[in-house]
Protein chains: 2
Amino acid sequence: MANIKDVARLAGVSVATVSRTLDGSPKVAAATRARVLEAVAACGYVTNALARNFRQRRTHTVLVLVPDIANPFFSRIIRGIERVALEHGYRILLGDTQYNAERERAYAALVTQRQADGIICLGMNIPFATGRSRSRLDPDWPPFVMACEYDGEIPAPTVCIDNVRAATEATRHLLGLGHRDIAFISGPRASPLCRDRLAGFTEAMTAAGLRVRRERVRYGDFSLAGGHQQMRALLGGARTPSAVFCANDEMAIGALRAARQAGLALPRELSIVGFDDIAFAEFATPALTTIRQPREQIGVRSMQLMLEILRDGQQPGRRIVLAHELVVRESSVAAP
Amino acid sequence: MANIKDVARLAGVSVATVSRTLDGSPKVAAATRARVLEAVAACGYVTNALARNFRQRRTHTVLVLVPDIANPFFSRIIRGIERVALEHGYRILLGDTQYNAERERAYAALVTQRQADGIICLGMNIPFATGRSRSRLDPDWPPFVMACEYDGEIPAPTVCIDNVRAATEATRHLLGLGHRDIAFISGPRASPLCRDRLAGFTEAMTAAGLRVRRERVRYGDFSLAGGHQQMRALLGGARTPSAVFCANDEMAIGALRAARQAGLALPRELSIVGFDDIAFAEFATPALTTIRQPREQIGVRSMQLMLEILRDGQQPGRRIVLAHELVVRESSVAAP
DNA sequence: TGGTACGATGTAAACGATTACATCCAGCGG
DNA sequence: CCGCTGGATGTAATCGTTTACATCGTACCA
């Protein structure tokens with residue numbers, strides 16, 4: 001495998017000139033440049049990125065921590081991240097944490113080991129936020145950005161939508177259809193994002209003069225099976241709600257199925273609203289009413305923010321809030 | 001940031017001893033080892049992976065090329081790969097090619113640049129197989145493994161299921177239910193895997209004394225929208241088939257919706273069978289009959305194969321065929 | 001006791017680029 | 001004709017490890 005010395009010898013110049021030519025420095029004479037490029041082509045030289053990264057102390061790689069790669073909500077965000085990364089000569093290292101703290105730590109270690117320049121977290125945990133460095137923005141932290149989720153205590157750079165407002169809108173939509181007994185299937189209790197959605201739900205209900213009864217709020221795990229299970233629990237009660245608002249589309253689709261299995265005629269006997277607008281939402285039966293999150297955009301902006309941080313060397317406490325949109329389809333209809 | 005010299009100084013030994021201690025070489029006296037570890041802890045030393053990779057000329061990173069990260073079929077395979085990788089101290093670099101040759105090449109270049117030790121391809125293209133190096137296993141190729149798809153001309157290490165047989169079984173299932181007019185919605189024409197599935201379909205039909213008419217075979221793009229569109233085309237014909245076999249679940253779910261929109265009572269008036277058994281299949285309405293592919297296992301075995309190749313430094317032309325399974329749910333019933 | 005063998009440790013040369021600094025040369029003004 | 005300037009190029013240090021090889025004791029055997 002040819003290295004830079006071989007090229008230099010072949011072109012009759014020094015390695016410095018080759019290096020300069022290759023990263024487009026303007027201080028190389030045109031004739032020399034041509035000779036170098038010819039030599040490069042002649043011996044099929046390719047820069048050894050390992051050596052360059054080592055010398056420059058950067059990897060041009062960003063670690064993306066995702067709680068569950070199999071969740072289509074995340075994969076679309078990843079695509080956005082990836083696109084921007086590629087355009088700027090960056091690569092993404094994927095870390096599927098599976099909501100597991102040990103895996104998170106294992107991955108976060110890559111940054112201290114210099115295998116990645118920064119971290120984009122799609123989940124709710126900041127792996128290096130522990131003990132006393134919690135609740136403030138530690139200057140020792142590596143460059144990082146949170147997407148979707150955020151940590152209430154830490155003013156970290158974040159890209160997300162206004163979850164409170166989005167949940168309020170979804171709930172108002174159901175209220176507007178005449179529903180009074182509405183249940184909420186949340187994600188994990190610990191998730192700040194879910195708390196926001198619950199807050200938005202509660203706010204809308206209260207504003208309509210309704211009380212949110214304890215048993216009408218259930219906690220799932222964002223999965224199809226989780227939604228199915230929580231819906232079954234709701235159906236097992238004395239009275240069943242006339243509408244259910246789910247914290248994500250997968251749970252909504254799970255709930256849909258549970259309701260149908262229980263013999264309910266959908267959407268007539270039960271309205272369901274999801275959250276995220278994943279591709280499957282439109283193809284569910286009935287097609288799911290949901291809140292659309294600009295998923296690809298979330299990825300794009302997160303990566304742009306990361307690039308900014310890497311360039312300027314400082315962590316802005318910036319929070320970017322993107323617009324959501326209520327998408328009304330077939331699953332929400334007037335209350336019986 | 002402390003480096004190995006600092007540790008050496010602190011422990012009163014040479015850098016070589018520190019290095020040896022850290023990678024667990026047996027030729028370090030217990031007392032020395034203890035002193036070194038203490039020094040490491042004292043100054044919070046972490047090995048600079050960049051320097052190590054550079055010196056050792058390996059990255060412990062594998063590039064995974066996936067045609068579409070947003071497709072849940074792939075993400076589950078990725079999870080399998082990732083798990084094995086992590087267990088063996090490897091990381092995965094994700095490349096979403098979006099069926100785009102240029103992106104594929106851009107990513108494959110990472111291997112020549114030494115940013116990755118090998119490639120696992122989930123798509124059908126081998127990015128470095130061009131021109132004369134096509135149709136044979138080029139010894140110059142970097143370590144690579146194909147998962148799911150494969151290239152007919154190249155005896156590359158591959159992990160997949162027996163697509164012909166699986167398609168035959170799915171078709172026989174429909175034939176067994178009394179269907180005679182069965183359509184097939186394939187993936188892209190160029191995909192060898194789809195050709196296999198079509199071959200299996202044709203084989204089963206022929207064995208049953210039926211001819212596969214040209215207009216009963218349609219080519220989609222593996223997406224929900226693609227399945228929807230192809231189904232509409234089928235419904236637009238003079239007579240509609242009584243059953244449809246789709247080359248993946250997403251297209252099947254798209255087809256499901258198109259049929260329902262056309263006013264067909266499902267599954268009574270139209271049976272549908274998918275392929276892959278993604279999580280959503282079970283939650284579709286009606287729940288989808290499909291061929292289960294051991295997705296996580298495909299990932300696991302692919303990565304194991306990759307590790308083997310990296311260890312032994314040679315490319316076995318091995319092909320691993322994993323077992324599939326017909327999962328009968330609600331979407332396939334007796335012909336009207 | 002001398003030589004040998006072996007285990008533990010140290011020394012220093014890689015790895016392949018980038019880049020600060022030195023050098024060289026041509027052109028130009030005084 | 002001299003010295004200065006500035007653009008083009010070369011020289012060599014540097015990044016932080018790993019690892020081949022050298023060295024140094026010590027124990028053991030003849």
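All figures in this text were calculated on a predicted structure; none of them were measured in a lab. Chain A is the first sequence line, chain B the second, and so forth, proteins listed ahead of strands; every chain is numbered from 1. Keep in mind that the numbers below use all heavy atoms, side chains included, and drop hydrogens, waters and symmetry copies.
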Any A:T61 side-chain heavy atom under 4.5 Å of A:Q115 side chain: no
Distance-only, no hydrogens or angles: does the A:R295 side chain make a donor-acceptor pair with backbone N or O of A:P72 under 3.5 Å? yes
Is there a side-chain contact between A:T47 and A:S19 (heavy atoms, below 4.5 Å)? no
A:D117 side-chain N/O to A:T59 backbone N/O, donor-acceptor pair under 3.5 Å: yes
Among residues 35-57 of chain A, which contact DNA chain D at a heavy-atom distance under 4.0 Å? A:F54, A:R55, A:R57
NZ/NE/NH1/NH2 to OD/OE distance under 4.0 Å, B:D68 and A:R79: yes
For the side-chain contact (heavy atoms from CB on, under 4.5 Å) test, which of A:V64, A:V111, A:L63 pairs with A:L93? A:L63
First encountered from the 5' end of DNA chain C, between A:L22 and B:T32: B:T32
Please find the pair of heavy atoms, one from B:F222 and one from B:P188, that lie closest to each other, and give the distance. CE1-CD, 3.6 Å
Using a heavy-atom cut-off of 4.0 Å across all strands, would you classify A:T17 as base, sugar-phosphate, or nothing? sugar-phosphate
4.5 Å side-chain heavy-atom contact, B:R20 and B:T17: yes
Earlier contact from the 5' end, DNA chain C, for A:R20 and A:K5: A:K5
For the residue pair A:E82 and B:L94, establish whether any side-chain heavy-atom pair is separated by less than 4.5 Å. no
Does anyone know the first and last nucleotide of DNA chain C in reach of chain A, 5' to 3', at under 4.0 angstrom to a heavy atom? C:dG16 to C:dT19
How bent is the helix from C:dT1-D:dA30 to C:dG30-D:dC1, comparing axes over its five end pairs at each side, to the nearest 10°? 60°
How close or far is atom C1' of D:dT19 from atom CD1 of B:I4, stated in whole angstroms? 11 Å
B:R91 side chain to B:G89 main-chain N or O, any donor-acceptor pair under 3.5 Å? yes
Checking all strands, does A:V13 fall into the base, sugar-phosphate, or nothing category for heavy-atom contacts under 4.0 angstrom? sugar-phosphate
Report yes if a side-chain nitrogen or oxygen of B:S19 is closer than 4.0 Å to either non-bridging phosphate oxygen (OP1 or OP2) of D:dT18; otherwise report no. yes
Any non-hydrogen side-chain atom of A:L86 less than 4.5 Å from a side-chain atom of B:D96? no
Please classify the nucleic acid contact of A:A29 as base, sugar-phosphate, or nothing, using heavy-atom distances under 4.0 Å. sugar-phosphate
Rounded to the nearest Å, what distance is computed from the CD atom of residue A:Q113 to the C1' atom of nucleotide D:dT17? 14 Å
